[in-house]
Amino acid sequence: MAEIVAVSLLNGIVYGLLLFMLTAGLTLIFSMMGVLNFAHASVFMLGAYFSFQLGRWIGFWPALVIAPLVCGLIGAAIERYGLRHVHRSGHVAEILFTFGLAYVIEELVTMAWGRNAVANGVPPAIDFALFSLFGSSFPAYKGLMMVISVAMFAFLYVALKRTRIGLVIQAALTHPDMASALGHDVPGVFVLVFALGSALAGLAGVIGGFMLLTQPTLAQAIGPIVFVVVVVGGLGSLAGALIASMLIGVLQTFAVAVDYSLADALRASGVAIARSSPLYDVVSIKVSTVAPIVPYLLLVLTLIVRPRGLLGRRDA
Amino acid sequence: MRASIRVTLGLSIAAALVASTALADVKIAFIDPLSGGGAATGILAQKTHQFYIDAINAAGGINGEKIELLSFDNKVNPQESLIQLKKAIDEGARFIVQGNGSGVALAITDAVQKHNERNRGKEVVYLNYAAVDPALTNDKCNFWHFRFDADADMKMAAMTDVIAKDANVKRVYLINQDYSFGKAVAAAATKMLSQKRPDIKIVGDELHPLQKVQDFSPYVAKIKASGADTVITGNWSNDMVLLVKAGKDAGLKVGWQTFYGGSPGTVTAIGDAGVDTLKQVTEWHKNAAPELDPSVAAFVARYPGKENEYAYWRAKTMWAMFAAAAKKAGSNDPVKIAHALEGLRMQTPLGEVEMRADNHQLLQPLYVSTLERNQKYDVEGSGLGWRTDAKVDAKATALPTTCKMDRPG
């Protein structure tokens with residue numbers, strides 16, 4: 001029992017931090033620019049592919065730095081030459097633009113690297129067991145992922161709340177005309193924010209690519225869960241995203257470990273449902289079987305009970 | 001002047017259309033995923049079918065007519081498949097080829113049967129090369145469906161025969177995808193193990209959503225906690241790769257008994273950790289025969305690259321039998337070819353195969369193999385290759401069937 005609780009908790013935290021890493025950049029862009037970036041997961045995927053390719057050419061450590069930078073540059077270009085023009089037509093146009101962009105990126109990736117997963121193995125430098133818990137080893141790359149994820153949170157928090165540029169960014173969002181009148185380069189700030197958000201997605205991709213499969217459908221596979229985290233945490237709230245990520249990670253992991261069904265719970269409370277009953281098929285499903293649905297259940301509950309999310313300031 | 005150009009243009013287009021229909025006499029519809037998550041397997045299968053069809057056409061076609069393969073993208077979705085099936089039939093296809101996903105297969109076999117009941121004289125025949133839910137050749141069987149892959153029960157029988165002889169196997173964990181096929185695998189494993197090795201304890205029976213799990217670590221933790229020494233799984237594609245990847249990360253030491261351990265990317269993902277532990281049940285692997293089959297070598301030469309790792313030996317068997325049935329029938333009429341396929345026997349480089357007349361299930365040799373170092377032919381350029389542990393002859397793979405089919409007169 002202690003074993004499954006300890007290992008599940010660890011796995012839950014790891015998964016939660018991976019989710020946070022995925023959503024940090026998205027949350028940043030949304031909170032600062034009000035743009036719901038549907039291409040975020042695609043930039044994450046690009047990060048994974050760039051790190052795979054650069055890792056082959058120049059090694060893992062340089063790739064860890066360069067891949068996010070390239071993603072940041074791509075993000076800057078997307079803002080400067082795409083979003084800025086679409087921005088005038090309102091939020092629907094922005095969403096449609098990023099939505100379309102996601103498809104374009106997927107096709108480009110397929111053209112460049114093919115449809116099958118590339119062999120994006122863990123580089124030898126971080127391919128060892130960090131420690132062992134009840135006989136299960138804990139790979140070093142997951143440790144690195146946890147460190148990067150926590151560092152991301154700290155960096156964003158400090159940069160936005162404690163620095164001068166953070167103040168300018170926040171002012172540019174709420175009072176763009178005033179900030180502009182005071183001599184701040186508001187369009188430049190938007191480019192910077194989008195670039196930063198994309199670079200964070202790229203960085204997440206470098207590490208996440210080892211844990212997931214680096215293939216063209218990667219963006220589609222993680223897209224939904226990223227939005228669940230953002231909505232549950234509260235649109236645009238960094239701390240909310242962190243809490244929601246951890247909550248979802250731990251809940252889902254523990255749900256996998258629970259081998260009981262509704263029928264067992266009912267039986268314990270004295271209600272028996274016969275095998276022949278039409279209800280039996282539904283109530284006999286084990287919690288572990290539906291574990292991956294838990295985040296989406298949480299999404300629905302959040303939208304019903306608290307549409308603004310855990311720490312959000314406006315309704316989703 | 002302009003009008004005459006239009007007329008000429010119109011005439012030449014019409015002529016081109018006539019020419020193209022005259023070229024393709026037998027239309028075959030390939031309905032499988034060509035975009036999205038299943039596209040990698042779908043496109044590989046498409047290439048393989050096209051490859052063998054080209055060979056038939058190069059040898060003069062069937063009864064003097066050429067075969068044309070039309071492709072339809074169903075995104076592994078049963079509803080979408082039915083729309084594509086309708087489109088395929090409207091375009092004149094009288095043979096349907098599909099394989100990815102038993103859910104899709106059950107929808108297609110049902111739709112084909114209904115179509116044939118309502119459209120006498122325009123029947124279509126369904127050639128299934130990969131959907132292995134046993135129901136398709138048992139309770140849900142019909143005259144129009146022919147399966148060229150061994151079903152889940154047949155593969156499980158081969159797998160459990162090998163397990164029965166392995167004294168090291170004492171505690172088995174079942175993990176499968178939560179749909180008809182995954183459930184069939186779990187049920188077959190439970191039943192056959194209790195018959196062949198009642199001393200083996202099944203310490204877990206897990207079903208997880210199909211292609212939805214990103215991180216298998218929690219499942220691996222459960223397997224570990226259960227004390228299992230062997231995992232049986234019918235998982236395929238991402239679910240297979242991510243499962244063994246999570247197992248490798250956590251240092252899980254178990255034997256992997258799989259149907260699709262050869263899924264693209266699996267060997268790459270598990271690497272050396274799969275040596276001696278990763279096993280699969282297939283109708284073919286690169287080291288099944290001492291030398292690579294000439295057609296496989298030709299395929300590799302035509303489609304180089306990891307993405308095109310040859311996987312569908314049964315496609316070779318299927319098209320050879322199709323051509324033989326057409327020859328035997330002396331006609332390309334689907335009903336006649338279907339009758340000719342029933343009970344058809346053929347020699348292949350790996351042994352005799354037979355299309356069972358009672359349920360339209362192909363009997364072919366099956367191989368249980370293990371991933372090893374220093375094999376003649378490796379997979380995915382990994383340096384690791386499959387070594388045969390056991391070969392089951394075609395006849396020995398036959399299982400009883402509950403199929404009762406109505407045959408057209």
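Since we're looking at a predicted model, the values are computed, not measured. Lettering of chains follows the sequences in order, A, B, ..., and the numbering in each one begins at 1.
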A.B. asks: With distance as the sole test, does A:Ser137 use its side chain to make a donor-acceptor pair with the main-chain N or O of B:Ala250 at under 3.5 Å?
C.D. replies: yes
A.B. asks: Quick one: pull up OG1 in B:Thr41 and CZ in A:Arg115 and give me the separation to the nearest 0.5 Å.
C.D. replies: 10.5 Å
A.B. asks: To check you understand the geometry: which heavy-atom pair defines the closest contact between B:Ala221 and A:Ile4, and what is its length?
C.D. replies: O-CD1, 4.0 Å
A.B. asks: Is there a side-chain contact between B:Lys224 and A:Val7, using heavy atoms and a 4.5 Å cut-off?
C.D. replies: no
A.B. asks: With respect to chain A, which residue among B:Leu207, B:Asp249, B:Thr268, B:Leu252 yields the maximal number of heavy-atom pairs within a distance under 4.5 Å?
C.D. replies: B:Asp249
A.B. asks: Report which part of A:Phe210 has an atom under 4.5 Å of a heavy atom belonging to chain B: side chain, backbone, both, or neither.
C.D. replies: backbone
A.B. asks: Is B:Ile43 in contact with chain A via its backbone, its side chain, both, or neither, using a 4.5 Å heavy-atom distance?
C.D. replies: side chain
A.B. asks: Would you compute the distance between atom NZ of A:Lys142 and atom CG of B:Asp215 and round it to the nearest 0.5 angstrom?
C.D. replies: 5.5 Å
A.B. asks: Which pair of non-hydrogen atoms, one from A:Ala257 and one from B:Lys222, has the smallest distance, and what is that distance?
C.D. replies: CA-CD, 3.9 Å
A.B. asks: How close do A:Ser288 and B:Tyr219 get, counting heavy atoms only, and between which atoms?
C.D. replies: O-OH, 4.0 Å
A.B. asks: Heavy-atom count around A:Tyr260 OH within 6.0 Å, excluding the residue itself: above 12?
C.D. replies: no
A.B. asks: Between chain B and each of A:Val14, A:Thr110, A:Leu213, A:Thr253, count heavy-atom pairs under 4.5 Å; write down the option with the most.
C.D. replies: A:Leu213
A.B. asks: Which atoms of A:Phe254 come close to chain B, meaning under 4.5 Å heavy atom to heavy atom: side chain ones, backbone ones, both, or neither?
C.D. replies: neither
A.B. asks: As an exercise: rank A:Pro216, A:Gly135, A:Ser132 by heavy-atom pairs under 4.5 Å with chain B and give me the winner.
C.D. replies: A:Gly135
A.B. asks: Is the backbone of A:Leu212 close enough, under 3.5 Å, to the side chain of B:Lys245 for a donor and an acceptor to pair up by distance?
C.D. replies: yes
A.B. asks: Is it the case that A:Asn116 and B:Glu309 place a side-chain donor and acceptor less than 3.5 Å from each other?
C.D. replies: no
A.B. asks: Tell me, for A:Gln252 versus chain B, whether the close heavy atoms (under 4.5 Å) come from the side chain, the backbone, both or neither.
C.D. replies: neither
A.B. asks: On a heavy-atom basis, which atom in A:Met211 and which in B:Leu242 lie closest, and how many Å separate them?
C.D. replies: O-CD2, 3.8 Å
A.B. asks: Determine the option with the most heavy-atom pairs under 4.5 angstrom with chain A, choosing from B:Val241, B:Asn238, B:Val213.
C.D. replies: B:Asn238
A.B. asks: Please look at A:Ser8 and chain B and tell me whether the side chain, the backbone, both or neither of the residue comes under 4.5 angstrom of a heavy atom of that chain.
C.D. replies: neither
A.B. asks: Can you tell me how far CD of A:Glu106 sits from OG of B:Ser35, rounded to the nearest 0.5 angstrom?
C.D. replies: 8.5 Å
A.B. asks: Please determine, among A:Ala117, A:Gly114, A:Gly121, A:Gly12, the option with the most heavy-atom pairs under 4.5 Å with chain B.
C.D. replies: A:Gly114
A.B. asks: Give the member of A:Leu133, A:Thr217, A:Val256, A:Val118 that has the highest number of heavy-atom pairs under 4.5 Å with chain B.
C.D. replies: A:Val256
A.B. asks: Taking all heavy atoms of B:Gln214 and all of A:Ala221, pick out the closest pair and write down the distance.
C.D. replies: NE2-CB, 3.3 Å
A.B. asks: Among B:Glu206, B:His208, B:Lys212, B:Gln211, which has the most heavy-atom pairs under 4.5 Å with chain A?
C.D. replies: B:Glu206
A.B. asks: Keeping the roles fixed (side chain from A:Thr289, backbone from B:Pro209), state whether a donor-acceptor pair exists under 3.5 Å.
C.D. replies: no
A.B. asks: Check whether more than 12 heavy atoms from other residues, nucleotides or ligands sit under 6.0 Å from atom OH of B:Tyr377, and answer yes or no.
C.D. replies: yes
